[in-house]
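Scroll down for the structure; my scribbles are underneath it.
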Amino acid sequence: MEPIPLEQIVKWLGARTAGPVTSLWVQSVVTDSRKVSPGALFVALKGERADGHEFVGEAFQRGAVAAVVGQAVSPPIPQLIVPDTLQALGDLGNQYLQRWRRLRSRGRDRTVVAVTGSSGKTTTKTLIASVLSVAGPVVWAPASYNNEVGVPLTLFQATKDHWAVVLEFATRKVGDIAYLRQIAPPDIAVITNIGRAHIGLLKSLEQIAEEKGDILWLPPVVSGMPAKGPLAVLPADDPFRDRLKEKATGPVVTFGFSETADVRCLEWTTSREGTTFRADVMGQVVEVHLKGYGRHNALNAICALAVGHCLNVPLDDAVPALERTEFPDMRMQLIRLEPPGCWIFNDAYNANPDAVSAALETLKEVPAHRRVAVLGEMKELGEFHEASHREVGRLAGQIVDLLIVVGREASGIVEGALSIGMEPTKVILYESLDCAVENWKDHLRPDDLVLVKGSRAVAMERLLG
């Protein structure tokens, strides 16, 4: 973060003050008192489990220069009092972004790329950041800093030395994307796909497309003239492609497998060494060897090449950057499990019907003596819960030699597999994750290829601990 006078932040937020604020400089912004370092501004957020106002004293003991609070707290230390500290965090992030854009840049214009979609956001963000990093220092969202707290915290990491920021926008309800876009209006807006993640909350694919599409749109300026929207990077093969194009208010570049895609994957193969694909990038054909696995990860990399092309990153630099990229934890990570000496695709970070289907298809593509799927519940599907689990079960029944299902709430997977004729002896249901932890490995054989996947709340990675 570039240091900012505390008085400037007071003006940005229109805050009331308690305690002295002159001659103080802010070196960082944090919302976790445990992460405070000298010179930090501590923003006290109220969460479901804790109220940050209770930790203001601790933050100052660790070196915070001031706190953003919803009400004055004791002792009388520098405080910026605002009606809503979460809103203040977003406003501060936006003001800092505007300031960063104005900093003198050497060479390239400062650029914000934002990635949303139903699946693949974190991986695609990571691949884009790798491609852009060959042109200079880049900030990108760590882990899944993709909400109203994580996005501004990512922005604060940008300094005059960075030329690009790569953000991830997530949504769980209508209006989330629009709010994040307001905090960090992107120059390039990426949509990976429209799928069934969170469909229980957003009710339909059409509503999901509408919500994700909000990243493409900018509201009219005060004068009434339309604002220039971001350059849109959109999935050519998605059923909602045309609807997304209509919503875009700036230029559009497409990526995918379709012949109509501007940046196109021509062919791909997957092995235990990774995924190799050939791509046509606006007429120039390249071959890429990814450390990641599967058709869907080839598509994520194609998207990153599209963004790099839009920002004039040479392909001779972009391709090696993709090939060096280490994929995020628990996203189709291939690991060895001893005992019994089998290979595990650890894809336990999260799950929705489309993502599980993609993972199962990848399992099918990789040569193996025996394939095993260990699947947990997919959450936030609402009225689609049972049908979606049965659908995944039917697909798994066609691909795997052994199916292990974890949790009664996921029993629809068992029903789906049995409905297409999978032998009952090859389907195992554990009532809970705790039950599975005890002996699920007893069903594995040396050199099995095993997929482990479930929603984040299920924490399927515990099976591998």
Return yes when atom NZ of Lys364 has more than 12 non-hydrogen atoms of other residues, nucleotides or ligands closer than 6.0 Å, and no otherwise. no
With a sphere of 6.0 Å drawn around CZ of Arg34, does it hold more than 12 non-hydrogen atoms of other residues, nucleotides or ligands? no
Distance-only donor-acceptor check, side chains Asn94 and Asp91, under 3.5 Å: no
Tell me the closest heavy-atom pair linking Leu433 and Met460, and the distance in Å. CD1-SD, 4.2 Å
With heavy-atom distances below 4.5 Å as the criterion, would you say the side chains of Leu201 and Lys173 are in contact? no
Atom CZ of residue position Phe156 - does it have more than 12 heavy atoms of other residues, nucleotides or ligands inside 6.0 Å? yes
Please find the pair of heavy atoms, one from Glu148 and one from Leu89, that lie closest to each other, and give the distance. O-CD2, 4.1 Å
Quick one: do the Thr122 and Arg331 side chains pair a donor with an acceptor below 3.5 Å? yes
Over all heavy atoms of both residues, which pair between Ala170 and Asp176 is shortest? Give the atoms and the distance, please. O-CB, 4.0 Å
Considering all heavy atoms, the nearest Ala232-Ala248 contact: CB-CB, 4.2 Å
Scan side-chain atoms only and decide if Thr254 and Asp262 contain a donor-acceptor pair under the 3.5 Å cut-off. yes
For Glu168, which of Thr116, Thr124, Thr126, Asn146 qualifies under side-chain hydrogen bond (donor to acceptor under 3.5 Å, both in side chains)? Asn146
Residue of the set Ile215, Leu216, Val252 for which side-chain contact (heavy atoms from CB on, under 4.5 Å) holds with Leu244: Leu216
Do Ser37 and Ser28 come close enough that some side-chain heavy atom pair is under 4.5 Å? yes
